[in-house]
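In what follows, a single structure is set out as structure tokens and then discussed.
Just follow the structure's listing: the first ligand is 1, and inside any ligand the first atom is 1.
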Amino acid sequence: MARLIDKKLSRRRFLGTSSCALAVATVGSQTTVLKALASSGKVTTSKGAGTKDVFTACGMCVNKCGVIARVRDGRIHKLDPNPEFIKSRGMLCARGNAGVKVIYDADRLKYPLIRVGKRGEGKWRRASWDEALDLVAKNMNEIAEKYTRAGVMFASTEGTFQEHFFLQMAECFGSPNTVRHPTLCLSSNIQGFGATYGTNPTPDVLNADYIIMAGANRSEALITPDSIDQLKGDGGRRKLIYLDPRFTKTAAKADEWYPIKPGTDLAFILAMINVIISEGRYAKEFVEEMTVGFDKLVPHVKPYTPEWAAKETEIPAEDIRRIAREFAAAAPKAIYYQGRRSSFFTNDTQLRRAMAILNAIIGNWDTEGGMVPNSKIKLVKHDYLAPWYDDVPERIDKGSAAFLSEKDGSWINLRNRVLEAKPYPVKGMMIYKQNVVMSVPNRAKTLKMMDQMDFICTIDIVMSDTAWYSDVVLPEATYLERQDPLESLSGILPVVAFRQPCVEPLFESKPNLWIMQNLAKRLGSEVAETFDFTMDEHIHHQVSKNPQILKDLKSKGVHYMKVLPTYGLTKGKRLKTKTGKIEIYSANYAKKGLDPLPTYTKHEDVPANKFRLLVGRSAIFTHGTTANNAYLHDIMPENTLWLNTLSAKKMGLRDGQRVKVKSRVGEGTLKLEVTEKIRPDCVYMAHGFGVISKGQSLIFDRGACDAALIEDKVEPISGNAAMHQTFVEVSPA
Ligand SMILES: Nc1nc2c(c(=O)[nH]1)N[C@H]1C(S)=C(S)[C@@H](COP(=O)(O)OP(=O)(O)OC[C@H]3O[C@@H](n4cnc5c(=O)[nH]c(N)nc54)[C@H](O)[C@@H]3O)O[C@H]1N2
Ligand SMILES: Nc1nc2c(c(=O)[nH]1)N[C@H]1C(S)=C(S)[C@@H](COP(=O)(O)OP(=O)(O)OC[C@H]3O[C@@H](n4cnc5c(=O)[nH]c(N)nc54)[C@H](O)[C@@H]3O)O[C@H]1N2
Ligand code: SF4
Ligand SMILES: [Mo]
């Protein structure tokens with residue numbers, strides 16, 4: 001932790017400190033915040049009749065930052081950051097603060113609902129839990145009977161600790177067809193880095209002297225602690241190079257910004273490797289000792305000169321050459337940051353392989369300021385004996401990608417197979433905390449898939465577009481009203497996060513475990529038995545090997561083992577690859593007929609009179625989930641279409657006018673935002689608008705939906721979606 005703060009600070013002092021003064025710190029100055037971590041005092045708790053402070057974990061996005069909920073007279077009146085939560089450096093973002101609105105949102109789901117009109121018409125009747133769950137179980141059993149258990153698919157996403165129970169339900173019911181968020185998000189990242197290192201390491205952003213971020217907008221797409229640590233470069237020794245077709249908030253914080261031509265990042269990296277090798281700037285000893293296939297890499301990158309890459313990327317050759325030299329000179333405290341979402345192009349896995357290889361040849365593996373393998377605090381797994389069914393086929397999307405995850409599947413490939421009923425029909429959908437109508441590219445196809453379902457049940461907290469198209473909608477208690485299982489968050493400094501109820505669940509909402517248990521009872525004793533435990537028993541079982549975890553969670557809302565990173569733990573050990581080394585050349589890929597070394601492939605250029613549609617995040621929204629939150633809605637009531645000033649001028653379009661955007665698969669209408677902050681050949685719109693559901697009263701009929709426009713292209717190695725390969729026409733509305 002000494003390195004965490006600019007000044008030297010003993011472990012003891014850090015542990016004995018932290019103060020709620022921190023709660024007012026903003027992302028603005030990272031140094032201030034890290035210093036605040038060291039300021040004196042304990043977590044302040046309120047005193048007085050009717051007041052209570054509850055440690056919990058934010059549920060507004062994947063980061064799960066530590067929260068202290070201030071409860072007054074049975075109502076949460078404020079959410080503060082938990083200064084002890086080292087992963088988030090003791091902070092909450094705008095969305096974390098706006099969590100109060102989630103619980104007291106007039107639009108939240110209050111009771112189980114059963115559809116009465118046509119699907120998507122929005123006519124519902126209130127039902128009791130008994131009636132709703134009877135109906136769900138009846139439909140699941142009928143579909144299983146008619147089409148096998150694989151006929152019911154289970155869709156869910158990361159972000160809540162309770163997803164485990166939903167996946168358990170899928171397994172115990174007997175369906176192999178679980179489909180999760182990774183193939184909309186980071187599966188090619190996991191695949192590309194996994195194939196090279198045997199794991200997807202964490203970049204040590206805090207301690208790196210030289211960072212290249214490309215296609216990773218950390219000042220807006222918030223990942224803790226990277227988003228905070230990245231800001232340390234301000235005025236300091238750190239250099240941040242940023243590649244993005246858009247001038248984002250990260251660009252504003254970078255030392256250099258290059259509006260790279262989308263889809264050409266691989267050329268940039270191959271040229272960097274070319275320079276580093278041809279000028280002998282690689283880590284020779286490390287490469288010799290820790291990697292395989294370097295000899296094949298040398299001739300492979302020969303043609304990829306900076307001059308060649310300049311034509312592809314539109315980044316000057318002299319800059320590429322200089323950046324490569326600076327990068328190698330800063331080694332091993334230099335990182336090519338791999339980002340998170342890698343659902344960009346159809347060669348994303350090879351791009352991530354190239355990133356991994358570039359990092360490897362400068363020898364930044366498992367070193368301070370380099371790429372560090374994750375540590376994780378062990379919790380005891382909850383074991384159960386899933387019933388065995390003889391007649392269940394394999395996953396419907398089996399074989400649709402070279403490396404398909406059995407648990408996550410491939411969203412787009414699965415949807416295609418369901419639409420073709422190949423090799424068998426899938427007629428039921430169980431959905432937990434996923435908004436598939438918004439998050440899977442080509443909305444028309446998702447709706448078509450839903451149309452052909454005999455039954456759809458969605459468990460959500462609001463009437464999402466997906467819930468709107470369902471037959472039964474079940475209201476889950478929000479993250480502020482639930483006890484969730486403990487969650488171990490891996491990283492350089494791993495933590496265990498804790499989510500406990502701050503207030504009683506409002507209306508008739510119920511936690512997922514309760515819902516699964518009561519559904520299981522209706523699916524037969526074998527399924528029910530696997531859910532025969534209380535949450536309290538579950539949590540005590542999780543910490544049975546280390547009861548201190550729970551003690552820490554109760555007393556300070558977080559458990560961690562160390563406050564100082566440890567490096568070099570893998571030294572002298574075999575990595576989790578086949579050869580036990582870093583695989584620059586992948587024999588595994590060669591065996592599957594894939595390029596064993598990343599080879600450059602060109603993507604289609606933007607056709608005349610069209611634009612490339614880019615998607616990405618805004619700091620104040622999470623996916624298609626939070627735009628209807630009243631506090632956040634105040635900041636941005638609708639999305640706009642970013643169009644470059646030059647392009648707008650050429651087309652005679654002006655700022656603020658309404659435009660129609662049309663792709664091969666859909667269209668939408670929204671306000672135009674004329675800006676210099678985007679390349680002239682691209683347009684951009686924020687995600688989460690253009691909703692179909694009238695149950696989201698603030699944003700219904702506002703803005704346009706990007707999922708309606710994006711074509712459903714797929715990366716063939718990981719099965720990830722490729723979301724930046726859609727071209728659109730823009731015209732006055
Ligand atoms: N506020 C907020 N934070 C979040 C989330 C959220 O919804 N809201 N979601 C979380 C999740 S699940 C994820 S996966 C991460 C996503 O985190 P990131 O992957 O960092 O974020 P994105 O905004 O999806 O995409 C990054 C940037 O890539 C740029 N880009 C597009 N095409 C190219 C290209 O060809 N080359 C280069 N170099 N850049 C390109 C886009 O303009 C965009 O600014 O964020 C996480 N954090
Ligand atoms: N067009 C487009 N598509 C994208 C992206 C993009 O940028 N643009 N980004 C992609 C990425 S990186 C990702 S990770 C995925 C994410 O996409 P999804 O996996 O679909 O996740 P979210 O969009 O966050 O939807 C979460 C749903 O859960 C509900 N919810 C929130 N809290 C709770 C809760 O406590 N309990 C229950 N039961 N429900 C809850 C929300 O209301 C929402 O309906 O989207 C991907 N798809
Ligand atoms: S980054 Fe923001 S929304 Fe995400 S968990 Fe942390 S406070 Fe919550
Ligand atoms: Mo994601």
Evaluation steps, side chain to side chain donor-acceptor pair (under 3.5 Å), between Asn720 and Ser343: CA-CA 6 Å; Asn720 219 10; Ser343 48; 5.0 Å; no
Ligand-side contact atoms (ligand 3) for residue partner Arg95, heavy atom cut-off under 4.0 Å: 1 (S), 2 (Fe), 3 (S), 4 (Fe)
Salt-bridge present (Asp681, Lys610; N to O < 4.0 Å): no
Aromatic plane relationship, Trp257 with Phe247 - under 30° parallel, 30 to 60° tilted, over 60° perpendicular: perpendicular
Nearest candidate to atom 22 (P) of ligand 1, where distance is taken over non-hydrogen atoms, out of Arg617, His603, Lys677: Arg617
Derivation and outcome, side chain to side chain donor-acceptor pair (under 3.5 Å), residues Glu163 and Thr157: CA-CA 7 Å; Glu163 191 199 3; Thr157 200; over 6 Å; no
Pick from Ser342, Gly263, Gly339: the one approaching atom 35 (O) of ligand 1 most closely through a non-hydrogen atom: Gly263
Salt bridge flag under 4.0 Å for residues Glu711 and Arg612: no
Region of Arg218 that comes within reach of ligand 1 [heavy atoms, distance under 4.0 Å]: side chain
Selected option - heavy-atom contact closest to atom 34 (C) of ligand 1, from Leu266, Leu351, Asp265: Asp265
Contact (N/O only, under 3.5 Å) between Arg95 and ligand 1: yes
N/O/S atom of Cys58 inside 2.8 Å of atom 2 (Fe) of ligand 3, strictly under: no
Contact (N/O only, under 3.5 Å) between Asn63 and ligand 1: no
Min heavy-atom dist Ser618 to ligand 1 below 4.0 Å: yes
Closest approach of any protein heavy atom to atom 27 (C) of ligand 1, naming residue and atom: Asp244 OD2, 3.3 Å
Atom 4 (Fe) of ligand 3: nearest protein contact (heavy atom, Å): Cys61 SG, 2.3 Å
Option with minimal heavy-atom separation from atom 26 (C) of ligand 1, where the choices are Pro245, Gly215, Ala221: Gly215
Short N or O distance, Ala619 and ligand 1, threshold 3.5 Å exclusive: yes
Closest candidate by heavy atom, reference atom 24 (O) of ligand 1, pool Arg340, Arg612, Arg341: Arg341
From OH (Tyr242) to NZ (Lys249), nearest 0.5 Å: 11.0 Å
Proximal atoms of ligand 3 relative to Leu92 (non-hydrogen, under 4.0 Å): 7 (S)
Heteroatom distance test (His724, ligand 1): nitrogen or oxygen, under 3.5 angstrom: yes
Heteroatom proximity flag, Leu222 to ligand 1, N/O under 3.5 Å: yes
Ring centroid separation Phe154 to Phe166 under 6.0 Å: yes
Selection residues 260-269 - residue pairs positive for salt bridge (Lys or Arg N to Asp or Glu O under 4.0 Å), sequence neighbours left out: Lys261-Asp605
Nearest neighbour in protein (non-hydrogen) for atom 3 (S) of ligand 3: Met60 CB, 3.4 Å
Carboxylate-amine/guanidinium contact Lys713 Glu604, below 4.0 Å: no
Atom 6 (Fe) of ligand 3: the protein heavy-atom neighbour that sits closest, reported with distance to 0.1 Å: Cys65 SG, 2.3 Å
Pair Lys239 + Glu256, salt bridge at N-O below 4.0 Å: yes
Charged N-O contact under 4.0 Å between Asp255 and Arg238: no
Contact (N/O only, under 3.5 Å) between Thr264 and ligand 1: no
Residue and atom name of the nearest protein heavy atom (relative to atom 7 (S) of ligand 3), distance in Å to one decimal: Cys93 N, 3.4 Å
Ligand 3 versus Lys64: contacting region, heavy-atom distance under 4.0 Å: backbone
Part of Ile223 with heavy atoms under 4.0 Å of ligand 1, whether side chain, backbone, both or neither: side chain
Ligand 3 contact by Thr224, heavy-atom criterion under 4.0 angstrom: no
Separation between OH of Tyr432 and CZ of Arg180, rounded to the nearest 0.5 Å: 12.0 Å
Test: Arg352 cationic atom under 6.0 Å from Phe193 six-membered ring centre, within 45° of axis: no
Check: Tyr336 ring centre within less than 6.0 Å of Tyr210 ring centre: no
Check ion pair Asp80-Lys78 (N to O, under 4.0 angstrom): yes
Check: Cys185 N/O within less than 3.5 Å of ligand 1 N/O: no
Polar proximity ligand 1 side, Tyr242 side, N/O cut 3.5 Å exclusive: no
Taking atom 7 (O) of ligand 1 as the reference point, the nearest protein heavy atom with its distance: His623 N, 2.9 Å
Val62-ligand 1 polar pair, N/O distance under 3.5 Å: no
Ionic contact status for Arg499 with Glu487, cut-off 4.0 Å: no
Rounded distance [0.5 Å steps], CD in Gln230 versus CD1 in Ile223: 11.5 Å
Nearest-neighbour protein heavy atom for atom 8 (N) of ligand 1, which is reported as residue plus atom name and distance: Phe621 O, 2.6 Å
